[in-house]
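Residue numbers start at 1 and run along the sequence shown. When a ligand or atom number is given, it counts from 1 through the structure's own listing order. All values below were derived from every heavy atom in this structure, side-chain atoms included, with hydrogens, water molecules and symmetry-related copies excluded.
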Amino acid sequence: MSDNPLLGTLPPQATKIAVEYDTLYAFILYLSIFFFVLVVGAMVVFIKKYHASKNSTPGKIDHNTPLELAWTIIPTIILAVVFAWGFVVYKDMTVPPGPVYEEINIIGYQWRWDMHYDHMEKPLVNELVVPAGKPIGLVVTSADVLHSFFIPDFRIKKDAVPGMYTKMWFQAEEPGEHIIYCAEYCGTAHSGMLGKVKVLSLADYEDWKKPKDDMAANLPPEKAGEELATKYACIGCHSADGKAGIGPTFKGLYGKTENLADGSTVQVDDDYLRKSILEPNAQIVKGYNPGMMPTFKGQLDDKDIMNLIAYIKSLK
Ligand code: CUA
């Protein structure tokens, strides 16, 4: 939490920018409170003091030059200070101090964030891993609709726009974890479009980057599938416990006969599941909306899909 008592409800300050930003914010807030009290206070006093009952004949006042100069010049100076200060903070937020240590490409989808690293073949889903104490560059875009990439603890937020690459940067000071939000309403599961920033020490980060054995290879298929379902946020829409969701629950799905939107029926088997993962709109179950699920073609390979099917099978 912020140390500033009036700003106590703001998220923690995990970057230097956050401190700069909050200081300016506090300045504007206190200034507004000061002038609010001054103006409204004077108003209340004058209402009483100059009430018609006590002043039956209005006085004749045309103008007061010193007073008019004061209320023009002082606010102009304050405005110029707020502008100049805001410009400096905005510049610090927008322009990294030097070359960035790592640049990560981020793509927003309905409804997840894919983080593409140069050293990895597949993206990390809803997880951004970065080193502490180094400037990190982000290039943000969207594959479908408007999203907004927002890390409150870092005080950075920019829209992810289809067909446009938007640059951002930040430097997290300490190892730790921070939430990533989507801050632009982007459809049904907008509120579930959450991610995490994992800030590691520089040594841990370099260690994390080194190629290592595929851990999933050593897991039993249904366990590997469960990890994939979490990683790719499948379970955000398809519950594992029978609860209703945006998509049919995984529980008891395998082997079931489903009525499709086009009036036909299908038995849920490996082939149907595979097709639904790669072409989600081909065979929509009755009562569900088409266009809700993105395709996972090119993101999941055959082994991944088999593991996912094994996981769904295990949820009887
Ligand atoms: Cu993506 Cu809201």
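- Using cut-offs of 30° and 60° on the angle between ring planes, the pair Tyr21 and Tyr25 is parallel.
- Using a 4.5 Å cut-off on side-chain heavy atoms (C-beta onward), Thr249 and Leu315 make no contact.
- Ring geometry for Trp208 versus Tyr117: interplanar angle over 60°, hence perpendicular rather than tilted (30 to 60°).
- Around the NZ atom of Lys223, the shell of radius 6.0 Å holds no more than 12 heavy atoms that belong to other residues, nucleotides or ligands.
- Atom 1 (Cu) of ligand 1 has His147 ND1, Cys182 SG, Cys186 SG, Met193 SD as its protein N, O or S neighbours under 2.8 Å.
- At a threshold of 4.0 Å, the pair Asp270-Lys313 counts as salt-bridged, since one of the basic side-chain nitrogens sits closer than that to a carboxylate oxygen.
- Within 6.0 Å of CD in Glu121 there are 12 or fewer heavy atoms belonging to other residues, nucleotides or ligands.
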